[in-house]
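Structure, as structure tokens:
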Protein chains: 2
Amino acid sequence: MIDHDAPTPVYVQIGQIIAERIRSGELAPGRPVPSEKSMVQEFGVARDTARRAVAWLRAEGLVYTVAQRGSYVREG
Amino acid sequence: MIDHDAPTPVYVQIGQIIAERIRSGELAPGRPVPSEKSMVQEFGVARDTARRAVAWLRAEGLVYTVAQRGSYVREG
DNA sequence: GTGTATTTGTTCGTATGTATC
DNA sequence: CGATACATACGAACAAATACA
């Protein structure tokens, strides 16, 4: 799943996996994306890495984050 | 603000800027100095460099650091 | 209304790898 | 070779706001 030896940073790999779930419709607009904690568990990474993944998704314009709530798939 | 081409290391330049704020009274004794993160944002450097700046300020005896809390201007 | 769990926000500590000077 | 600088990654601790039983 995650390749720590790949040239692509782990946080980008995770971001791309989530992005694929969005693109495929598995994660529909308005729906919450996995929490940092669940990403830590699912991918076996540090919270720092999970946070970077979410930040990457935000930078890609795919999600938005609400403090103390979570991140959600952007509409449109 | 920061001159990456100067002979003085960037972390020292930042340390001197903070030191000046302390000397001028802008940062009073007991008050927290900017966090590593805010230094990263304000000066556009890596966290590593921000940490070196704080370490420099500690070495100069101007601040002390509390884990998971921050660094503060030394009294006296 | 009260407490507990969840979730993001923020902070410093540590280590590794790469590149440059 | 050593110092500097950046990027990545994991760890630890606490705060604050929200959600829920």
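Labels below follow one simple rule: chain letters A, B, ... track the order of the sequence lines, proteins then strands, and each chain is numbered from 1. Excluded from the calculations below are hydrogen atoms, water molecules and symmetry mates; all remaining heavy atoms, backbone and side chain alike, are included.
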Shortest non-hydrogen contact between B:V40 and B:V45, atoms and distance: CG1-O, 3.2 Å
A:M39 CE - C:dT7 P separation (whole Å): 12 Å
Between C1' of C:dT8 and CZ of A:R69, the distance in whole Å: 12 Å
Residue-phosphate contact under 4.0 Å: B:S35 side-chain N/O, C:dT11 OP1/OP2: yes
Flag side-chain contact, heavy atom, 4.5 Å: B:F43 against B:I17: yes
Phosphate contact (D:dT4 OP1 or OP2) by B:Y11 side-chain N/O below 4.0 Å: yes
B:A28 to B:V73 - nearest heavy-atom pair and separation: O-CB, 3.4 Å
DNA chain D contacts made by residues 43-61 of chain A, counting heavy atoms under 4.0 Å: A:V45, A:A46, A:R47, A:D48, A:T49, A:R52
Separation of A:E42 CD from A:M1 CE (nearest 0.5 Å): 5.0 Å
Any A:K37 side-chain nitrogen or oxygen under 4.0 Å from OP1 or OP2 of C:dT7: no
From B:E60 atom CD to B:Q16 atom CD, the distance as rounded to the nearest 0.5 Å: 8.5 Å
A:Q68 vs B:V10, nearer the 5' end of DNA chain D by closest nucleotide: B:V10
Gap between atom CZ of B:R58 and atom CZ of B:R51 - 0.5 Å precision: 7.0 Å
